[in-house]
Structure formats: C-alpha cells, structure tokens
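Notes to accompany the following structure.
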Amino acid sequence: MSDAYDGGAVSSTAAEAHGTVDAETGGILLEASNLSKVFGGLVAVNDVTFRVPHRGIVSLIGPNGAGKTTFFNCMTGLYRPTTGRVMFDGKDITAKRPDLVTRAGVARTFQNIKLFRTMTAIENVQVGMHARLRSRVTGMVLRTPYVRREEREAREKARELLRFVGLKRHDELAMSLPYGDQRRLEIARALGSDPKLLLLDEPTAGMNPQESEELRKLMETLRSERGISVLLIEHDMKVVMNVSDHITVLDHGEKIAEGSPKEVRENPRVVEAYLGSQA
C-alpha cells in the first residue's frame, strides 16, 4: 500500500511549524466528544474524540474500513451517533438533520461523487446555494423583483465559485465533465452554502498528481483567503502530509494516533495499521 503510506516521501509542512492543532486559530470550531456508532453488533466508530480548530486543516486517515466515512456521517446528520456529542461553533448539532447541519455552516463532499448529472455545472452550484436563499414559494410563483434579483446574484456567485475552484466549463452538463472537473464541481457546490467548515471525503480519488497538487493548493487558499476550515479524509499521503496541521488516525473504528504530520508519520502503530506488523 505504498500510495497510502510512505514514511519518508513527503516534505515537512508549515503545519509542523505550528506544532499543535490549535496553532494558527482562534479556538475550536468543531468538537466530537466520545462519539460511537454501532450497527447491530458491529462497532464502526468507538469512543472517538476529535477537534477541528477555526482556520485549521485537519486530516482523518486510516486503512479501508477504519470508520472514517461513518465518522463523517455522524457529524453531518446522515447517521445518528449511538453515543457522544458533536458541538459546532458553540452549538450542539448532535443528530440534527443534514439540512440543519448545512445551515449551521458545515458542508461536505462524498467519497463517490454525487452530482445532478443532467444539470449544468452552474445549476449544480445554485442547488448548493439553496440553504442561503431567502425567496419564498409565493415570491417564486409571482416572479417578484426581489426573486429575480436574488436569482441573478445567485447565478453570478455560482460562476465566481466555479472560477475559484478552477472550473471553466460552467454551462456543460455535469455528466459530460472530466472526472477531475466533477470533483471540483462538487467542491464548488459545497461552497455555495457559505460553510465555515468543509468536509472532503477522498477528494483526490481518481485524480492525477497534477490535479491532486492543485487541490492541495485550493485547500490552503480556502483557509487563507476565505477563512474556511477543512476536514479531510484522504488516502494520498503526500497530500495529507503536506497540507495538514494535525492528523488523527483511525483503525477498526478506534483512534490509534494523532499529532503533527511528523509525529503521525513516525508512529509505529500507524505504520503497522497501514503496512502490517512485519513492517
């Protein structure tokens, strides 16, 4: 699994100079405390505590089946945690509906791309903006001046977000876009809800090295220019090690390690989880 873990193949990061998860930040944005999720007799996530700071880039890694996406789903309302609590920006969002979690300021992408395939790129982004639009059904039916103005502004903002993520083909159907552009489109749609925290579930899957590097730079730009925190699930360890302030490692649903990229890269339990005890 050399693409998933390479202890010496990456450079040190600015994050390592920060030293801690809270370093460049003004406190904790999201905190999951003692979170567990049990499906029948299967413990998918077991008593995990996890933090994301304001303006932080934090990664959640682990072998396939470690419980990473289940953890994401518990934080975003797709699953109700069996035990534990999720606090976001000072408010309890445990087991809130996904739309309420989005309104609170959390947006996400998915491991398997979920776009409206027969809608254009710009229409997909406009769907993502729905949580922030103020028009009501009556106004939409009557086509009031306020509704028309809001639609114009939403369309221009959608184009700006597409440009921001580097996607030029705004009016093409989502299904006709190349794979890398579909990934960018999904991020642009998530940004349409004006999130404070963006959860990215394996965003570089299927990308070539150049596309992965462009996405890494985009994550840093989201933090530096827009103040958005990023929580990343990713198997490309070069991306993880070079972009993260802090890394948490899951294995079989349990947290086995956390710390700076350097600390995690050198942790024997992490090496064993990825490469086996013989390593």
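Small disclaimer: the values here were computed from a predicted structure and weren't measured.
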Exercise. With the 4.5 Å side-chain cut-off for hydrophobic clustering, are Met87 and Phe50 part of the same group?
Worked result: no

Problem set entry | Leu35 vs Pro81 side-chain heavy atoms within contact, under 4.5 Å | yes

Exercise. Roughly how far, to the nearest 0.5 Å, is the CZ atom of Arg189 from the CE atom of Met129?
Worked result: 13.5 Å

Seminar exercise, completed: For Val86 and Cys74 the tightest heavy-atom approach is CG2-O, 4.4 Å

Exercise. Residues in side-chain contact (heavy atoms from CB on, under 4.5 Å) with Pro178, at least two apart?
Worked result: Arg169, Asp181

For this session: Would you mind listing every salt bridge (Lys or Arg N to Asp or Glu O under 4.0 Å) that reaches into residues 31-42, with sequence neighbours excluded?
Result: Glu31-Arg51

Problem set entry | Nearest-0.5 Å distance, CG of residue Asn242 to CE of residue Met219 | 10.0 Å

Exercise. Would you call Glu156 and Arg152 a salt bridge, taking side-chain N to carboxylate O under 4.0 Å as the test?
Worked result: no

Problem set entry | All side-chain contact (heavy atoms from CB on, under 4.5 Å) counterparts of Gln111, not counting sequence neighbours | Thr69, Asp201, Glu202

Problem set entry | Qualifying salt bridge (Lys or Arg N to Asp or Glu O under 4.0 Å) pairs with a residue from residues 71-83, counting only residues at least two apart or across chains | none

For this session: Would you please name every residue forming a side-chain contact (heavy atoms from CB on, under 4.5 Å) with Ser229, sequence neighbours left out?
Result: Leu29, Val52, Leu197

Exercise. Could you walk me through whether Val249 and Asn267 pass the side-chain contact (heavy atoms from CB on, under 4.5 Å) check?
Worked result: CA-CA 10 Å; Val249 188; Asn267 187 298; over 6 Å; no

Exercise. Is the shortest heavy-atom distance from the side chain of Thr76 to the side chain of Leu199 under 4.5 Å?
Worked result: yes

Exercise. Going from NE2 on His246 to OG on Ser59, what distance comes out if it is rounded to the nearest 0.5 angstrom?
Worked result: 10.5 Å

Problem set entry | Where at least one partner belongs to residues 28-49, residue pairs that pass ring pair (Phe, Tyr, Trp, His ring centres under 6.0 Å), sequence neighbours excluded | Phe39-Tyr79

For this session: Dump the intermediate steps for side-chain contact (heavy atoms from CB on, under 4.5 Å) on Asp236 and Met207, then the final yes or no.
Result: CA-CA 10 Å; Asp236 186 332; Met207 288 187 172; over 6 Å; no

Seminar exercise, completed: What one should report as the nearest heavy-atom pair of Ala32 and Phe71 is CB-CZ, 3.8 Å

Exercise. Between Ile187 and Leu173, is there a shared hydrophobic cluster once you connect ILVMFWY residues whose side-chain heavy atoms come closer than 4.5 Å?
Worked result: no

For this session: Would you mind reporting whether Leu78 and Phe72 have side-chain heavy atoms less than 4.5 Å apart?
Result: no

Problem set entry | Donor-acceptor contact below 3.5 Å, side chain Ser33 vs main chain Thr49 | no

Seminar exercise, completed: Rounding to 0.5 Å, atoms CD1 (Ile247) and CG (Leu232) come to a distance of 9.0 Å

For this session: Using the side-chain hydrogen bond (donor to acceptor under 3.5 Å, both in side chains) rule, pick out the option among His252, Glu254, Lys255 that qualifies with Asn46.
Result: Glu254

Exercise. Looking only at heavy atoms, what is the nearest atom pair of Leu162 and Ala188, with distance?
Worked result: CD2-CB, 4.0 Å

Exercise. In chain order, what residues pass the side-chain contact (heavy atoms from CB on, under 4.5 Å) check against Asp251, with sequence neighbours excluded?
Worked result: Pro63, Ile256, Ala273

Exercise. Would you call Asp89-Lys91 a salt bridge at under 4.0 Å N-O?
Worked result: no

Side-chain donor-acceptor distances from residues 115-122 under 3.5 Å, at least two apart:
residue, atom, partner, partner atom, Å
Thr120, OG1, Glu123, N, 3.2
Thr120, OG1, Glu123, OE1, 3.3

Problem set entry | Distance in Å, Leu200 CG paired with Arg183 CZ, rounded so as to fall on 0.5 Å steps | 9.5 Å

Exercise. Between Phe88 and Val101, is a side-chain contact (heavy atoms from CB on, under 4.5 Å) present by the stated rule, with each step listed?
Worked result: CA-CA 9 Å; Phe88 179 76; Val101 174; over 6 Å; no

Exercise. Can you name the closest pair of heavy atoms from Val45 and Gly67 and give their distance?
Worked result: CG2-O, 3.6 Å

Exercise. Which pairs, with at least one residue in residues 205-217 and sequence neighbours excluded, count as a salt bridge (Lys or Arg N to Asp or Glu O under 4.0 Å)?
Worked result: Arg184-Glu214, Glu213-Arg216, Arg216-Glu220

Exercise. So, are Arg55 and Asp245 salt-bridged, with charged N and O less than 4.0 Å apart?
Worked result: no

Problem set entry | Test: Lys114 cationic atom under 6.0 Å from Phe110 six-membered ring centre, within 45° of axis | yes

Exercise. Glu234: what forms a side chain to side chain donor-acceptor pair (under 3.5 Å) with it, not counting sequence neighbours?
Worked result: Thr204

Problem set entry | Remaining members of the apolar cluster that contains Leu100, side-chain heavy atoms under 4.5 Å | none

For this session: Would you please test Ile228 and Leu191 for side-chain contact (heavy atoms from CB on, under 4.5 Å) and show each step?
Result: CA-CA 10 Å; Ile228 296 174; Leu191 293 175; 3.8 Å; yes

Problem set entry | Joint cluster assignment, Val43 & Met75, ILVMFWY side-chain distance < 4.5 Å | no

For this session: Considering non-hydrogen atoms only, spot the tightest contact between Ser244 and Pro261 and give its length.
Result: O-CG, 3.4 Å

Problem set entry | Rounded distance [0.5 Å steps], CG in Asn124 versus CD in Glu186 | 9.5 Å

Exercise. Where do Arg97 and Asp99 land on the salt bridge (Lys or Arg N to Asp or Glu O under 4.0 Å) test, with the steps shown first?
Worked result: CA-CA 6 Å; Arg97 296 196 318 260; Asp99 61 307; 2.9 Å; yes

Exercise. Hey, is Arg226 close enough to Asp194 for a salt bridge, meaning N to O under 4.0 Å?
Worked result: no

Exercise. Is any side-chain heavy atom of Glu172 less than 4.5 Å from a side-chain heavy atom of Leu177?
Worked result: yes

Seminar exercise, completed: Heavy atoms of Ser193 and Ala190 approach each other most closely as OG-O, 3.0 Å

For this session: Using ring-ring contact (aromatic ring centres under 6.0 Å, His included) as the criterion, list what pairs up with Tyr179, not counting sequence neighbours.
Result: none

Exercise. Is the shortest heavy-atom distance from the side chain of Val48 to the side chain of Leu250 under 4.5 Å?
Worked result: yes

